[in-house]
Amino acid sequence: MNYQTILTNFENGICTITINRPDKLNALNKQVFTDLDAAIDEVYNNADIKTVIITGAGPKAFVAGADITEFGGLDKEQAMALAKRGQDIFFKIENCKKPVVAAVNGFALGGGCELAMACHFRLCSENAKFGQPEVNLGLIPGYGGTQRLTQLIGKGRAMEMLMSANMIDAHAALQHGLVNYVVPAEELLNKTKSILELINSKAPLAVAACIKAANAVFDETQNGYATEISSFGDCFITEDMKEGTSAFLEKRKANFQGK
Ligand code: COA
């Protein structure tokens, strides 16, 4: 597909989505949302795509937030509709059955931090900086940031970041559990791809069940333990489960089909 504000690349089952407005530090404007939404739909629908990387173009920023130039003149209803639009796209990422990982290559501020947090996990480069600077603008996060930051780094640390607008560097992000790895910028995509290649070798339906069950922790409409039991049962009736257990017993590598 052709997009105006993102680039997509497909290799070895991994789709890399690059937010591509480097002169505006990849700020999320309406067109980025349109393109990202369509790209995630493609991820849902294209069986060849097994896993996804989201990153930003250029050496400086992952995404420096929502595009502030589009805020002017919005009334309350329009502002709420904008937040709902962002939340819906980020829920679509969070609930994707295929792993979606953020490779944070610089500033991840405001909506950029929120986008990274909607991904299933995150790696970052040594120059990355994370923050929710909305209070500088008389705002709060609108794309799930108050919720996911609290889930990921705990209430005290999240409250401080939200209320102070302070940025944290890559090493603090690692210490707080916001990212899983910090690597030199030039190694970021390769490190992310190596993790996804490993995941791509596992049983896809079981990987999807991991996402579903782990997401249930934070979904008050579900009992996560009950979700785990039903997902465990679902795995038992897959061909991949038969293949995985047979391969183990026969001391050979499993060949999973995602069935
Ligand atoms: N929305 C719209 N444009 C943005 C943007 C955003 N969130 N973040 C950066 N830009 C634009 C700048 O306006 C500038 O455009 P210009 O060259 O046409 O003037 C360009 O991107 C480069 O940014 P600049 O501020 O010159 O870079 P810097 O290195 O001096 O500062 C930041 C980098 C990230 C600290 C700074 O850009 C910033 O604070 N951005 C806003 C972050 C924010 O508040 N995000 C939350 C939004 S709700």
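Start at 1 and go down the list; that is how both ligands and their atoms are numbered. All values reported here derive from a predicted model rather than from experimental measurement. Quick note: residue numbers are just sequence positions, from 1.
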Does the protein put any heavy atom within less than 4.0 Å of atom 45 (N) of ligand 1? yes

Nearest to [atom], what protein heavy atom do you find, and at what distance?
| atom | result |
| --- | --- |
| atom 13 (O) of ligand 1 | Lys24 NZ, 5.0 Å |
| atom 31 (O) of ligand 1 | Leu25 CD1, 4.6 Å |
| atom 38 (C) of ligand 1 | Leu109 CD1, 4.7 Å |

Among the heavy atoms of Asp23, does any lie under 4.0 Å from an atom of ligand 1? yes

For ligand 1, find out whether one of its N or O atoms is nearer than 3.5 Å to an N or O atom of [X].
| X | answer |
| --- | --- |
| Gly65 | no |
| Ala27 | no |
| Phe71 | no |
| Lys60 | yes |

Those residues at least two apart in sequence (or on a different chain) that pass side chain to side chain contact (heavy atoms under 4.5 Å, CB included) with Asp240 are Ala203, Pro204, Thr238, Phe256, Gln257

Pro59: what forms a side chain to side chain contact (heavy atoms under 4.5 Å, CB included) with it, not counting sequence neighbours? none

From the list Val217, Thr227, Asn215, side chain to side chain contact (heavy atoms under 4.5 Å, CB included) with Gln222 holds only for Thr227

